[in-house]
Amino acid sequence: MNAPLNLQRTYDRSRVPLYLQVAEVMRQRIEARQWLPGAKIPTLEQLEVEFQVARVTVRQAVDILRKEGLLYCRQGRGTFILDNKTDKRWLKLATDWHSLAESLKGNVPRLIAAPTPTSQPILAAGDGKLADSYVFLRSVQFKDDEPYGIVNLRLASHIYDLDRAAFETRPALPILAELDQVEVKSARQSITIGGADPEVADLLKIALGTPTAMCRCIIVDSHGIAIYVADIIYRSDYIRIDIDLLANGSSKTQTAKSSERKSRKTSGTAKQKA
C-alpha cells in the first residue's frame, strides 16, 4: 500500500486559503463525475484525514459548494451531490475566426468604469503594428444574469468611430466581422490558466483564487495594424474548448493515403507484367 501523500508542501505552494483549495478539488471531482449525482460524499472525518486539514477547513469547503448548488445536506444522513445539476460549460471557445465572431453575437456586455488614462497595448513580434490611438472599453459579459467574463478591450480609434453606438452596446468581434470597411488579415487567440484576484472574484461572483481562463485575442487588418487587442478573463466553470484535430489535415491525410494506395497498385501491376 502506498504511503499517504504529504499534502502540506502542496498547500504551501499556493497563497490561496486552504479551504478554497479543498473546495476546488471537490468541485473538480463533481465536474468530472468522480462523485456521481445523488451520491453521498465521504464524511467530514474521512475528508479531514484525506486532505490532511482541520475539520473546520473541510466544513468551510463543503459550505462553499453547498452555496454554489453542488451539494446539499440531510440532517443526520450526510452530504450529497445534487442530482439536478446542469452542465454550465455552454461557452465553447472557438478555434477559428468566423466561428468565434458568430459565437459572440448573443453575448450581453455591460460596460464598467475603465481606469484612465489608458495606455496603448503591448504587442509582441507578429502581433501587428500599433494604431495611432485606441479606445479602451471594459465590460462584464452576462448570460441569464450570471456574469461569466470580463473583457478589457483596446479598439483602434478609427475602427471605433465607424459605429460607436454598436461598439458600446454589443460585443466588438461580431461587429468587426460585419464591417465592409474592415478586412481582417490575421486573428490570433492564446489561452492561459490563472486564478481570480480580488477584483475579478468580485465582478464574476466567484471565490478568491478560483481558476480562470485568460484569453488574449488580437485582430490585425490588411494594413498590418492591430485594430483589436483584448484581454478576456472567463470563469473556468463556464467554458470548454473543442478542437477538431483533423480540421486542417484530414483532406491532406486522405490524399496521401489515396496516393499511397495508387502507388502500391501501380507497383503491383508492374511486377505482374515483369
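Worth saying up front: this structure is predicted, and the values here are computed from it rather than measured. Here, residue 1 is the first one in the sequence, and each next residue gets the next number.
- The line from CZ of R138 to CG of L203 is 6.0 Å long, rounded to the nearest 0.5 Å.
- Side-chain contact between V49 and E45 is absent, with no heavy-atom pair separated by less than 4.5 Å.
- When all heavy atoms of V229 and A226 are compared, the closest pair comes out as CG2-CB, 4.1 Å.
- Side-chain contact between I159 and Y228 is absent, with no heavy-atom pair separated by less than 4.5 Å.
- Using a 4.5 Å heavy-atom threshold, the side chains of V220 and K129 count as separate.
- Here the straight-line distance linking atom OG1 of T79 with atom CH2 of W35 works out to 9.5 Å at 0.5 Å rounding.
- Under a hydrophobic-cluster definition in which Ile, Leu, Val, Met, Phe, Trp and Tyr are linked whenever side-chain heavy atoms come within less than 4.5 Å, directly or via other members, I191 and V151 are assigned to the same cluster.
- Residues R216 and T192 form no side-chain contact, since every pair of their non-hydrogen atoms from C-beta on lies 4.5 Å or further apart.
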Going through the checks in order, is the side-chain contact (heavy atoms from CB on, under 4.5 Å) test met by I206 and T212? CA-CA 10 Å; I206 56 179; T212 56; 4.2 Å; yes

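- For the atom pair E183 CD and L176 CG, the distance stands at 13.0 Å (nearest 0.5 Å).
- In plain terms, the two heavy atoms of G149 and L204 that are nearest each other are N-CD2, 3.5 Å.
- I233 and I112 fall within the same hydrophobic cluster, defined by Ile, Leu, Val, Met, Phe, Trp and Tyr side-chain heavy atoms under 4.5 Å apart, directly or through other members.
- Taken to the nearest 0.5 Å, the CD1 atom of I219 stands 13.5 Å off from the NZ atom of K185.
- Inter-residue side-chain proximity for R110 and S139 is flagged as unmet; no heavy-atom pair is nearer than 4.5 Å.
- Between G69 and L82, the shortest heavy-atom contact is O-CD1, 2.7 Å.
- Between R235 and K205 the shortest heavy-atom distance is NH1-O, 4.2 Å.
- Residue R33 qualifies as open at atom CZ: its count of foreign heavy atoms under 6.0 Å is 12 or below.
- The shortest side-chain heavy-atom distance between I81 and I41 falls under the 4.5 Å cut-off.
- M26 is listed as a side-chain neighbour of L47, based on a closest heavy-atom distance under 4.5 Å.
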May I have the step-by-step check of salt bridge (Lys or Arg N to Asp or Glu O under 4.0 Å) for R29 and E50, ending in yes or no? CA-CA 14 Å; R29 291 180 181 178; E50 177 186 356; 2.4 Å; yes

Check the pair L162, V182 against side-chain contact (heavy atoms from CB on, under 4.5 Å), reporting the backbone distance first and the verdict last. CA-CA 10 Å; L162 294 175; V182 177; 4.2 Å; yes

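- Rounding to the nearest 0.5 Å places OH of Y134 at 9.0 Å from CD1 of I227.
- Heavy atoms of other residues, nucleotides or ligands lying less than 6.0 angstrom from CD1 of I122 number 12 at most.
- The two atoms that bring A131 and A156 nearest to each other are CB-CB, 3.8 Å, heavy atoms only.
- Here the side chain of T57 pairs no donor or acceptor atom with the backbone of L18 at under 3.5 angstrom.
- At least one side-chain heavy atom of I64 sits under 4.5 Å from a side-chain heavy atom of R27.
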Chi angles and distances behind the side-chain contact (heavy atoms from CB on, under 4.5 Å) call for I30, L71: CA-CA 9 Å; I30 297 172; L71 299 176; 3.9 Å; yes

side-chain contact (heavy atoms from CB on, under 4.5 Å) assessment of V25 paired with F51: CA-CA 10 Å; V25 174; F51 289 113; 3.7 Å; yes

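- Salt-bridge check for K67 with D63: passed, with a basic side-chain N closer than 4.0 Å to an acidic carboxylate O.
- Residues L173 and L179 fall within the same hydrophobic cluster, defined by Ile, Leu, Val, Met, Phe, Trp and Tyr side chains chained together at heavy-atom separations under 4.5 Å.
- Remark: S186 OG to I218 CD1 distance equals 8.5 Å, nearest 0.5 Å.
- E48 and V53 get closest at one heavy-atom pair: CG-O, 3.0 Å.
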